[in-house]
Amino acid sequence: MSGGRNSIRVLNVAEKPSVAKSVATILSGNQGLRVRDGRSRYNRIFEFPYTINGQSTNMLVTSVTGHLIELEFEDRFRKWHSCDPAQLFQAPVRKFVPSDKLDIKKTLEEEARRCQWLVLWLDCDREGENIAFEVVQVCTAVNPHLTIRRAHFSALIDRDIHEAAQNLVPPNKFFADAVDARQEIDLRIGASFTRFQTMLLRDAFVIDAGNDERNLVLSYGPCQFPTLGFVVERYWEVQSHEPEEFWVINCSHKSDEGISTFNWMRGHLFDYTCTVVIYEMCVQEPTATVTNVRKQEKLKYPPHPLNTIELEKRASRYFRMSSEHTMKVAEDLYQAGFISYPRTETDSFSQRTNLHAIVEEQQGHPVWGSYAQRLLDPGAGIWRNPSNGGHDDKAHPPIHPTKFSAGERSWSQDHLRLYELVVRHFLACVSQPAVGAETTVDIDIAGELFSASGRVILAKNYLDVYCFESWGGSLIPSYVLGQQFVPTSLTLDSGVTRPPPLLSEADLLSCMDKEGIGTDATMHDHIKKLLDRFYATKDANTRFSPTNLGEALVMGYDDMGYQLWKPYLRAVMERDMKAVSEGAKSKDEVLETCLHQMKSCFLDARLNKVKLLQAMEIFFERSNRPAGEEQHTSREVIRPCGLCQESNMVLKQNRDGNFMVGCLGYPQCRNVVWLPGSVSEAAVTTNICNSCTPGPVYLIQFKFRRLEIPPDYNASHLGCIGGCDEILRQLIEICGTGNRTSARGRVPTASSGSAQQSNSRQGACIYCHQGGHSSTDCPSQFSGHQGARSRGRNVQQSDESTISCDICGAPCALRTANTANNRGRKFYSCQSQECNFFVWEDSLNNGSVGRSGQRSTMRASASNSRQGSGRGRGGRGAARGAGVTFVSATGDPVSGRRILSNGLTRSAWNFSVLAVAS
DNA sequence: GCAAGGTC
């Protein structure tokens, strides 16, 4: 039966194949359901007759796989060097169907042409609404007469689906608009900041990131950076923690029944004298009197039904599985039909779910089958309707088993464990809480109160099946009110405060969930991205630390005063998206204000890029590679690149003022033509060389420094870099080029057409620019400038300690070494690379002061500046911001010094200033 | 080569 003559053809589209199948199965009642393949092998098409409000229809149900359309910059802005990253805030973007979705698009087009209605069965959230409009766009392009309708369902169960089909509504453009805005903002912010910081930093420093650092991408994203922020913030808290000694009185009592440990009601005291006084009192009158005996029944409740975040957190805690791996395994189990859809926010079961049926399936399991049987036995009294966790995404139920398995042959250990977790969690959810009897005994010794408690488990209930949790039960002897005894031990003990632990993966997921970073389906991606980008590492206990790279990036933005690494930006965006989805603000309005703000922020960050560079300098050695971004003071196109045939060659000036013509495709393409070192000015003209190819090759108007070229050459010259220019070739031979790493004289021959060479940093020392040794053992550091050691310190009026360059007399910069032998050690060096002047900072202090590692001085600095909420980043940042660290000659932190605003201290004592950050 | 969001 394919519908009568009056029946209309309805194309129904779901967000994923599984939903299409469920909808088709439910609506057809499995009567007259036919299935055929579409062009995509995953997205099949179901057909059956159905009646909607008295109208007989021929239903076709198919699906997409998530978003059908992507957003990208127009082609001319897609290459990294195609434009200034700031332009990405307004560069035109386009929507397109990516190649792997073209077959789905084709199916939709073919079916839409033959239908009168289009009914959208996408998930009922904002992303789903946006995908709905993507489907509409594709279908109406081939059939503009389609009647468009939206089905709203809250669960894939009979009643909901039939109700949805009978109560079709128009789709909600506001919801879709909110996602459009989110996509565009994410793309523009992400691409602009990523290109900016990658090009600024990657080539400027020696970043050891495991693989080829030239391919290293220092990405920025509105989700990945706040995720990194959580990691860094906790790390800073741990780093800046000062252990504080505290004192505590412990009391125990041993009787025939066992030992009771009594805890001091004051907890612990930081005042030793005070604690000793109290302790002495207790010791002199040690008899304890029982002042209170309380007995209470305590319940330990089973967890809420399982949603994605909780699955990830528990798999991490119980099995140390990464969230990313957990989702991969869960997806496998889902695809094979063993568990329900794994990406769900929902942590409460619908009233209509047949929970008993799910338990029944598990009765045959060799391990937990007997528990399932007891659950189903009304006499056992273990059954309890599951709790409601308070989240509902209106699209999926909590994660639960959908098919029994005692383990499949193809399953890995992790498949087994994850399936077991899902089953046990489900069985726990429908179980009674554990019951315990708690006894608390309070005693009084010389007026001081102590307390002990114990617990007996009366009924384990859900804990019988949920073996991942325990409820420590410890018995204490019985006491009666007024009873007196002399404690077996009464001791005065000391301890130290401990820093909080580093964030575990479960902690990190909680932070993200709380601050709204990412979605249940993407959080694990953001965490993985931190590891992939070398921003953070994870130890065997699943605890995260930032890498130097991650810490430096966060530090740089923090020093700028920007909270780009905090979750606030995402929170503001989320509020705006909500306003759009409610129609309170328009998409264009939000896009304009948000992008305007972010562009100002971007431009400001770029102005303050020195902060990023300074932060990187703390951890990384400067590279002598030509910097990707910094050298481009001008970028005028000279010619198309004949080597990569993709990008243009542009006129550039490096940091030292030397000119070259290099390919914009650097570092993938290393094509470069170095120009004579005697060039003082170079400007691209509109004149085109009529002999060099590939063209056009624009001629350059050169000015040479008169004294650096032979007298018979003109100081002004209109030249071509394409290979035809004999004068330019001669001047290169005579004067050399501005390429420092290729020693003068080792110049490309212009006769080869376009002179090409690569700049290798191998073997070149950053101090003297000579090959044959590394910067850590540069002879210039040890013998070249011994004279500097006898120089006195040039203390200027500002109190800023500095010294002048031995050679040119300019003030030197104070830097921190990060080489293996001298990490954390400070040195002065001339900012001009011509001089190669260098001296260790500590050699100026008569050599009497030992070195102090960067880490320990940082910690000392935090202790000095700690005030108010000065823990963690605040403490450390304040000290670093003031630019000073004080350590006594013995290496102990100096306390009680007054820190002047210029970052130095005046001290009556002869404490040594070990480090003054520039 | 860049984001985050769907999903296979």
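Here is the naming used below: chain letters follow the sequence lines, and residue numbers restart at 1 for every chain.
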Between [X] and [Y], is NZ or CZ placed under 6.0 angstrom from the six-membered ring centre and within 45° of the ring axis?
{"X": "A:Arg94", "Y": "A:Phe96", "value": "yes"}
{"X": "A:Lys173", "Y": "A:Phe133", "value": "yes"}
{"X": "A:Lys514", "Y": "A:Phe230", "value": "no"}

Whole-Å gap separating [atom2] ([N]) and [atom1] ([X]):
{"X": "A:His524", "N": "B:dT7", "atom1": "NE2", "atom2": "C1'", "result": "11 Å"}
{"X": "A:Arg41", "N": "B:dT7", "atom1": "CZ", "atom2": "P", "result": "19 Å"}
{"X": "A:Glu70", "N": "B:dG6", "atom1": "CD", "atom2": "C1'", "result": "10 Å"}
{"X": "A:Leu122", "N": "B:dT7", "atom1": "CG", "atom2": "P", "result": "10 Å"}
{"X": "A:Arg195", "N": "B:dG1", "atom1": "CZ", "atom2": "C1'", "result": "9 Å"}
{"X": "A:Arg188", "N": "B:dA4", "atom1": "CZ", "atom2": "C1'", "result": "15 Å"}
{"X": "A:Leu569", "N": "B:dA4", "atom1": "CG", "atom2": "P", "result": "11 Å"}
{"X": "A:Leu530", "N": "B:dA3", "atom1": "CG", "atom2": "P", "result": "12 Å"}

Check whether any side-chain nitrogen or oxygen of [X] sits under 4.0 Å from OP1 or OP2 of [N], and answer yes or no.
{"X": "A:Ser219", "N": "B:dG1", "value": "no"}
{"X": "A:Tyr341", "N": "B:dT7", "value": "yes"}
{"X": "A:Gln224", "N": "B:dA4", "value": "yes"}
{"X": "A:Thr522", "N": "B:dG5", "value": "yes"}
{"X": "A:Arg533", "N": "B:dC2", "value": "yes"}
{"X": "A:Lys101", "N": "B:dC8", "value": "no"}
{"X": "A:His526", "N": "B:dA3", "value": "no"}
{"X": "A:Arg343", "N": "B:dT7", "value": "yes"}
{"X": "A:Arg570", "N": "B:dG5", "value": "yes"}

Under 4.0 Å, counting only non-hydrogen atoms across every strand here, what does [X] touch: a base, just sugar-phosphate, or nothing?
{"X": "A:Lys328", "answer": "nothing"}
{"X": "A:Ser192", "answer": "nothing"}
{"X": "A:Asp123", "answer": "sugar-phosphate"}
{"X": "A:Pro17", "answer": "sugar-phosphate"}
{"X": "A:Ile185", "answer": "nothing"}
{"X": "A:Tyr220", "answer": "sugar-phosphate"}

In sequence, state the C-alpha distance, the side-chain angles, and the governing distance for A:Met512 and A:Ile309, and then conclude on side chain to side chain contact (heavy atoms under 4.5 Å, CB included).
CA-CA 10 Å; A:Met512 296 170 76; A:Ile309 297 172; over 6 Å; no
Output the single nucleotide from [options] whose closest atom is nearest the side chain of [X].
{"X": "A:Glu127", "options": "B:dA4, B:dC2, B:dG5", "result": "B:dG5"}
{"X": "A:Lys16", "options": "B:dT7, B:dA3, B:dG6", "result": "B:dT7"}
{"X": "A:Lys529", "options": "B:dA3, B:dG6, B:dG1", "result": "B:dA3"}

Are A:Tyr220 and A:Phe225 close enough that their ring centres sit under 6.0 Å apart?
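Yes; A:Phe225 has its ring centre under 6.0 Å from that of A:Tyr220.
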A:Lys403 side chain to A:Ala336 backbone, donor-acceptor under 3.5 Å
yes
Using a 3.5 Å distance criterion without hydrogens, assess whether the side chain of A:Asp123 forms a donor-acceptor pair with backbone atoms of A:Gly128.
no
Would you say the base of B:dG1 stacks on A:Trp80 (centre-to-centre below 5.5 Å, plane angle below 30°)?
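So A:Trp80 counts as stacking on the base.
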Start at the 5' end of DNA chain B and walk down; is the nucleotide closest to A:Glu15 or to A:Gly190 reached first?
A:Gly190
Between A:Gly518 and A:Glu72, just flag the one whose closest nucleotide in DNA chain B comes earlier from the 5' side.
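Residue closer to the 5' terminus by nearest nucleotide: A:Glu72.
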Under-3.5 Å donor-acceptor pair between A:Thr194 side chain and B:dC2 base
no
